[in-house]
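I have a structure I would like to understand better, so I am pasting it below and will then ask my questions one at a time.
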Amino acid sequence: MALKLNNMSFGSQRIPSVALPVMASFGSPKFLMASPLRSPSKKVENMKNTSMPHQEVQVQVSHSIPPQKIEMFKSLDDWVGDNILIHLKPTEKSWQPQDFLPDSKSDGFYEQVKELQERAKEIPDDHFVALVGDMITEEALPTYQTMLNITHGIRDETGASLTSWAIWTRAWTAEENRHGDLLNKYLYLSGRVDMRQIEKTIQYLIGSGMDVKLENNPYRIFIYTSFQERATFVSHKNTAKLVREHGDTKLAKLCGFIAADEKRHETAYTKIVEKLFEIDPDETVRAFADMMRKKITMPAYLMYDGRDGNLFNHFSIVAQRLGVYTTKDYTDILEFLVDRWKVKDLTGLSADGRKSQEFVCELPSRLRKLEEKAHLVAKRAPTIRFSWILDRELKL
């Protein structure tokens, strides 16, 4: 979900990629500027007979935090229990996908499905591409839980640990799991999409994993999740608005409930980073700047359907054109986080910390200059057939 701006620099600093790659070639919540995570798209030979990702991933770093920092995160366990777990909802009070879908045990099930399909007929194909891309991103949840569980200082050591960090990770995953389930079932019942192609895309994506340069570093992961949860909140909220304009108020409602979950999770993750700025501002601001230099890339950047080696960029261009998730959203999120964490007010930083502070605080104004150009590039994009929508042609 982010616009892709390739190889543009200001002085010695490269400008980061938006969380939602669109094909803007002048310089990642779900959703770019050029992704630093992969070399140019390269298909692996005999793709049908291998489980290797269809794109190369650059040299990976798996450790970048000293032991004393790991112990600091472990010491925060009680704080997490008191301040973060409160942002979870009890299962018995949570919505479930079935609350929004035709009831298969009801005598009126087939009529309900027919009504759903009649409403879906009014939704344009490009809206369905955005909806499918968001759903596929949500369905790669096993990768995201793995990412949290390999992070130093917060990992679930046993798979059923009772530390507050581990409880949060499992419960957050359980809440997020409903999002993909709900959208998947809706799309299946809509009759508007090729579910087999979508299911293949999900399998490819989970099999490929992700490496967004977090280095198993909890400072980086919580900055990343703060950004991404707000990005997915924005994306689902904007999708709800679009489909409501086409008369499908029930689809808008389910997108709205997903967006509300993402907003609640964003609150939790931004609160964690706020605490890190309080107890370790220098390391935290340097991690913030590092992530923004590397670019916040959407977790589904390795999206592939067995045909289109540039599928993620094509999906992102559609999202940019529709206003589901744009370069402006990326910059808005960055500005929000800079203000939320009071980065401009930090004092007592090291020389590197002050440079990082300056970079992060000045970055939004630099990115604003790229927004209009990215928008124009998206408008000039060609047409392409999406396998997700039964190979119907769509103007990017």
Side-chain angles (χ1 to χ4, degrees), residues 1-11 13-37 130 134 137 212-213 220 222-239 241 259 262-263 266 269-270 273 285 287-299 301 312-313 315-345 356-379:
M1 293 178 243
L3 181 71
K4 183 175 182 180
L5 314 171
N6 295 313
N7 303 326
M8 187 168 191
S9 61
F10 287 87
Q13 301 287 2
R14 285 176 64 94
I15 288 300
S17 112
V18 227
L20 178 141
V22 118
M23 218 169 55
S25 200
F26 46 98
S28 150
K30 112 249 181 65
F31 213 203
L32 185 81
M33 304 172 195
S35 169
L37 306 176
D134 282 352
T137 302
V212 288
K213 305 305 178 190
R220 287 168 173 77
F222 289 130
I223 289 164
Y224 182 83
T225 51
S226 295
F227 199 107
Q228 286 301 334
E229 292 288 1
R230 189 164 182 85
T232 50
F233 158 68
V234 168
S235 180
H236 289 297
K237 182 189 67 163
N238 288 337
T239 300
K241 179 182 177 182
E262 304 290 6
K263 188 73 174 72
E266 172 211 322
Y269 285 121
T270 55
V273 178
V285 75
F288 191 11
D290 182 66
M291 289 306 302
M292 298 313 302
R293 289 188 182 102
K294 290 174 178 175
K295 308 170 184 68
I296 302 291
T297 304
M298 292 305 277
Y301 73 95
F312 181 61
N313 285 349
F315 150 64
S316 300
I317 294 169
V318 172
Q320 166 80 17
R321 178 170 57 79
L322 289 175
V324 169
Y325 185 79
T326 67
T327 47
K328 181 180 183 302
D329 293 320
Y330 182 95
T331 308
D332 287 347
I333 293 169
L334 174 58
E335 279 190 329
F336 171 84
L337 293 177
V338 168
D339 291 342
R340 170 76 171 79
W341 295 328
K342 297 180 173 57
V343 179
K344 293 179 181 178
D345 299 333
S356 296
Q357 178 187 37
E358 181 180 0
F359 171 74
V360 169
C361 292
E362 291 180 354
L363 186 56
S365 63
R366 298 179 180 183
L367 292 178
R368 293 291 180 206
K369 299 175 183 178
L370 307 181
E371 290 174 9
E372 181 59 28
K373 191 169 184 179
H375 179 68
L376 293 174
V377 170
K379 289 178 65 175

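Predicted, not measured: the structure shown is a model, and the values here were computed from it.
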side-chain contact (heavy atoms from CB on, under 4.5 Å) partners of E362, counting only residues at least two apart:
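Scan of E362 (side-chain contact (heavy atoms from CB on, under 4.5 Å), adjacent residues dropped) gives E358, R366.
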Residues L367, L370; criterion side chain to side chain contact (heavy atoms under 4.5 Å, CB included); working and verdict
CA-CA 5 Å; L367 292 178; L370 307 181; 4.2 Å; yes
Got a sec, which residues hit salt bridge (Lys or Arg N to Asp or Glu O under 4.0 Å) with K263, two or more places apart in sequence or on another chain?
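With sequence neighbours excluded, K263 shows a salt bridge (Lys or Arg N to Asp or Glu O under 4.0 Å) to E266, given in chain and number order.
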Please enumerate all residues that pass side chain to side chain donor-acceptor pair (under 3.5 Å) together with N238, with sequence neighbours excluded.
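Listed in chain order: nothing, the list is empty.
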Please check if the distance between the ring centroids of Y330 and F227 is under 6.0 Å.
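Aromatic pair counts; centres sit under 6.0 Å.
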Does any N or O in the side chain of S226 come within less than 3.5 Å of the main-chain N or O of Y269, such that one atom is a donor and the other an acceptor?
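At least one qualifying donor-acceptor pair exists.
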Results of side-chain contact (heavy atoms from CB on, under 4.5 Å) for A130 - residues two or more places apart only
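Residues passing side-chain contact (heavy atoms from CB on, under 4.5 Å) with A130: L322, V324.
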Can you sort out the partners of D332 under salt bridge (Lys or Arg N to Asp or Glu O under 4.0 Å), two or more places apart, ordered by chain and number?
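Counting only residues at least two positions away or on another chain, D332 forms a salt bridge (Lys or Arg N to Asp or Glu O under 4.0 Å) with K328, R368.
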Is F288 close to V273 at the side-chain level, that is, under 4.5 Å between some pair of heavy atoms?
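No, their side chains stay 4.5 Å or more apart.
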Do any N or O atoms from the side chain of D329 and from the backbone of T326 form a donor-acceptor pair under 3.5 angstrom?
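Yes, because the side chain of D329 sits within donor-acceptor range (under 3.5 Å) of the backbone of T326.
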Intermediate values then yes/no, side chain to side chain contact (heavy atoms under 4.5 Å, CB included), D134 and F315
CA-CA 9 Å; D134 282 352; F315 150 64; 3.8 Å; yes
Step-by-step side chain to side chain contact (heavy atoms under 4.5 Å, CB included) determination, L363 to F359
CA-CA 6 Å; L363 186 56; F359 171 74; 4.2 Å; yes
Answer yes or no: is there a side-chain heavy-atom contact under 4.5 Å between W341 and V285?
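With C-beta onward as the side chain, the pair stays apart.
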